[in-house]
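Before any comments, here is the structure.
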Amino acid sequence: MSFPLLTATAALPALGAIATAAVPAARRVAAKWLALLVSLATLVLAAVVLVRFEPGGDRYQLTESHSWIADFGVRYELGVDGIGVALVALTALLIPFVILAGWHDADPHETGSSRWRPTQGFFALILAVEAMVIISFEATDVFLFYIFFEAMLIPMYFLIGGFGDRAHEHGDAVAATQRSYAAVKFLLYNLAGGLIMLAAVIGLYVVAGNFSLQEIAEARANGSLDMATSTERWLFLGFFFAFAVKAPLWPLHTWLPNAMGEATAPVAVLITAVVDKVGTFAMLRFCLQLFPEASKWATPVILVLALISIIYGALLAVGQRDIKRLVAYASISHFGFIILGIFAMTSQGQSGATLYMVNHGISTAALMLVAGFLISRRGSRLIADYGGVQKVAPVLAGTFLIGGLATLSLPGLAPFVSEFLVLVGTFSRYPAIGIIATFGIVLAALYTLVLYQRTMTGPVKSEVSEMPDLRVRELLVVAPLIALLIFLGVYPKPLTDIVNPAVQQTMSDVHKKDPKPEVEAAK
């Protein structure tokens, strides 16, 4: 029996979370190093998965299948396609940076708390989230996916509510109340989506007789599973609603600004760069593959919602006075681009959407983590409390600028390739929507450059005059992310080679071909 590589990639951080939580309370530093080493070991396993994956091979590779709950047709089935393997690699890559960036976020002298092992609990919860997200990207049994899709809400709830940001414009009591509100709102929104999805999962089992993604998709393709049109549409809506909440798509997005605003910067990265990607990934893997006709039926409405997300999120980002909430609304706009690319039903759009998931994760991590370093120095999230930072902390300002330029998809940085492909793919089939979506780029330039101007340029405010520049640990967090943004911006081919075959298979699932370009005949 071959080594269960996919299981190991998810099990290692799960076991690491248990071991980190069990470290004695007096050994906080040891708990941190244990969590970091586990995350690095998981990254090594994810790299092995990436190397062993063959882009031109079978659709799902490194597969594992074992009987689990036989009476209900539930199996422990894992497998990765090009999209899944890219997101597993992204998750494993970001977690060590999240841990390093949050190195002191849960120390007792920082939190002022005597709660049970706050440091150990913080890092154990991060590893638990990593394990659940990775297995969600690997699961090819619908019920198995659902379990971890919902289970990841629990550690995230405690990370938001129990280890929130203390750089708050109000007092500690108000900050604690707002953290609790944000955590509960996050949980309730996502639980509501999950409960609707559970009904759809049960309905799928009633229709198909099993939960295997591959078996159901093959039965749909060869005509042996005849699903009534109305049934398919209702099941699609149940799945899509849950994924749209997680993504988040307007108007189901309102939990995200609260959660990112009240969480620490590393946890905010965990939310938007890692956890939320499960929603957009699942649209590709489950909605399009299981319900191809319903996906095409719902496409016009979803495209309009995605377009609203793009413009609405960008407009609200322009008006924000809180740095972290600005990044949150910018992420809503970016997720609109991702969903637009998925449902444009073109190979360029879906390739761009998948690349966008990876590149947005890297760029948002870079920007938010540098913003977290900035906020921890000043003790404020308000843009108005900064000014002239580039004169006293030029490396911090420079990395903040690069992260911001990546957010606005500057050519030469990784998100540009993604956004360009999404817009090209959308315009080739829906030109009006593609044209309107480009205004999101203009607004992104506005909110990013205004943010940089107000915080980093101008006269040096007295409160930031003694602000230290990035330290060695912080440079170890930021420098690799900046390097990746530049590398993938200049040379995205390694990523596109992995993603494109999976995108072509998804296009085949929905029986769509790219529209032929209209070329004027030569006279």
Count the heavy atoms of every other residue, nucleotide or ligand shown that sit under 6.0 Å from OH of Y312, and state whether that count exceeds 12.
yes
Between Y356 and E419: side-chain donor-acceptor atoms closer than 3.5 Å
yes
Hey, mind stepping through I342 and T354 against side-chain contact (heavy atoms from CB on, under 4.5 Å) and telling me if it holds?
CA-CA 8 Å; I342 292 172; T354 305; over 6 Å; no
When every non-hydrogen atom of R285 is compared with those of V80, the smallest separation belongs to NH2-CA, 4.1 Å
About how many Å separate CG of L5 and CD of E64, when rounded to the nearest 0.5 Å?
8.0 Å
Taking every non-hydrogen atom, the tightest pair across A265 and G372
CB-CA, 3.5 Å
I need the minimum non-hydrogen distance between T140 and L78, along with the two atoms involved.
OG1-N, 3.8 Å
All heavy atoms of F335 vs all of P248, minimum pair found to be CD1-CD, 3.9 Å
Validation row: L204, F291 side chains within 4.5 angstrom (heavy atoms)
yes
Do side-chain atoms of H334 reach the backbone of T407 as a donor and acceptor pair under 3.5 angstrom?
yes
For E262 versus A182, what's the shortest heavy-atom pair and its separation?
CG-CB, 3.8 Å
We want to know whether T254 and Y189 form a side-chain donor-acceptor pair, criterion being a heavy-atom distance below 3.5 angstrom.
yes
Heavy-atom closest pair, residues V318 and L443
CG2-O, 4.1 Å
Atom pair CD1/CZ of I83 and R59 - distance to nearest 0.5 Å
8.0 Å
R381 vs D322, salt bridge (Lys or Arg N to Asp or Glu O under 4.0 Å): CA-CA, chis, key distance, verdict:
CA-CA 5 Å; R381 296 165 9 199; D322 182 312; 2.8 Å; yes
Are the side chains of L315 and Y329 in contact, using a 4.5 Å heavy-atom criterion?
no
Worked check of side-chain hydrogen bond (donor to acceptor under 3.5 Å, both in side chains) between S418 and N359:
CA-CA 7 Å; S418 319; N359 295 332; 2.6 Å; yes
In this structure, CG of L94 is separated from CD1 of I362 (nearest 0.5 Å) by 7.0 Å
Calculate, to the nearest 0.5 Å, the distance between atoms CG and CD belonging to N500 and Q505 respectively.
11.0 Å
Any sub-3.5 Å donor-acceptor pair from S295's side-chain atoms to C287's backbone N or O?
yes
Hey, are the side chains of S309 and H253 touching, using non-hydrogen atoms and a 4.5 Å cut-off?
no
Taking the six-membered ring where the residue is Trp, are the ring centres of F240 and F343 under 6.0 Å apart?
yes
With side-chain contact (heavy atoms from CB on, under 4.5 Å) as the criterion, how do V267 and V98 come out once you've worked through the C-alpha distance, each side chain's angles and the decisive distance to 0.1 Å?
CA-CA 7 Å; V267 173; V98 167; over 6 Å; no
Quick one: do T272 and S331 satisfy side-chain hydrogen bond (donor to acceptor under 3.5 Å, both in side chains)? Show the steps, please.
CA-CA 7 Å; T272 191; S331 291; 3.3 Å; yes
Can you find a heavy atom in the side chain of M345 that is under 4.5 Å from one in the side chain of Q350?
yes
Would you tabulate the side-chain donor-acceptor contacts of residues 228-236 under 3.5 Å, counting partners in other chains and residues two or more places apart, or write 'none'?
unit_1 : atom_1 : unit_2 : atom_2 : d
E232   : OE1    : R220   : NH2    : 3.2
E232   : OE2    : E293   : N      : 3.0
E232   : OE2    : A294   : N      : 3.0

Between W250 (side chain) and I311 (backbone), is there a donor-acceptor pair under 3.5 Å?
no
Within the supplied structure, the quantity of interest is the number of heavy atoms (other residues, nucleotides, ligands) at a distance under 6.0 Å from F427 CZ; does it exceed 12?
no
Is it true that a side-chain atom of S363 and a backbone atom of H360 form a donor plus acceptor pair closer than 3.5 Å?
yes
Would you please classify the geometry between the F286 ring and the F243 ring as parallel, tilted or perpendicular, with 30° and 60° separating the classes?
tilted
Output field: ring centroids F186/Y157 closer than 6.0 Å:
no
Using modelled atom types only, decide if a donor and an acceptor are shared between the side chain of Q320 and the backbone of L316 within a distance under 3.5 Å.
yes
Say whether Y76 and T7, considering side chains only, have a donor N or O and an acceptor N or O under 3.5 Å apart.
yes
Is it true that a side-chain atom of E77 and a backbone atom of S212 form a donor plus acceptor pair closer than 3.5 Å?
no
Side-chain donor or acceptor of T496 paired with backbone N/O of K493 under 3.5 Å
yes
Run the salt bridge (Lys or Arg N to Asp or Glu O under 4.0 Å) test against R429 and tell me which residues pass, sequence neighbours left out.
none
Any side-chain heavy atom of L481 sitting closer than 4.5 Å to one from F97?
yes
Using only atom types and a distance under 3.5 Å, with no angle test, would you say the side chain of T506 pairs donor to acceptor with the backbone of A502?
yes
Contact between L284 and T280 at the side-chain level, heavy atoms closer than 4.5 Å - yes or no?
no
Apply side-chain contact (heavy atoms from CB on, under 4.5 Å) to residues L405 and L408 and explain how you reach the verdict.
CA-CA 5 Å; L405 293 176; L408 63 83; 4.0 Å; yes
Assess whether side-chain contact (heavy atoms from CB on, under 4.5 Å) is satisfied between V207 and I216, documenting all intermediate values.
CA-CA 10 Å; V207 173; I216 297 172; over 6 Å; no
Residue list, side chain to side chain donor-acceptor pair (under 3.5 Å) with N258, at least two apart or on another chain
K185
Minimum side-chain heavy-atom gap F145-V278 below 4.5 Å:
yes
Flag, side chain of S428 to backbone of G425, donor-acceptor distance under 3.5 Å
yes
A side-chain contact here means heavy atoms from C-beta on lying under 4.5 Å apart; do L256 and D276 qualify?
yes
Tell me whether the count of non-hydrogen atoms from other residues, nucleotides or ligands lying under 6.0 Å of CZ in R454 goes above 12.
no
Between the side chain of D141 and the main-chain N/O of R75, is any donor-acceptor distance below 3.5 Å?
yes
How long is the span from the OG1 atom in T264 to the CG atom in L159, to the nearest 0.5 Å?
7.5 Å
Euclidean distance, I310 CD1 relative to I433 CD1, rounded to 0.5 Å
9.5 Å
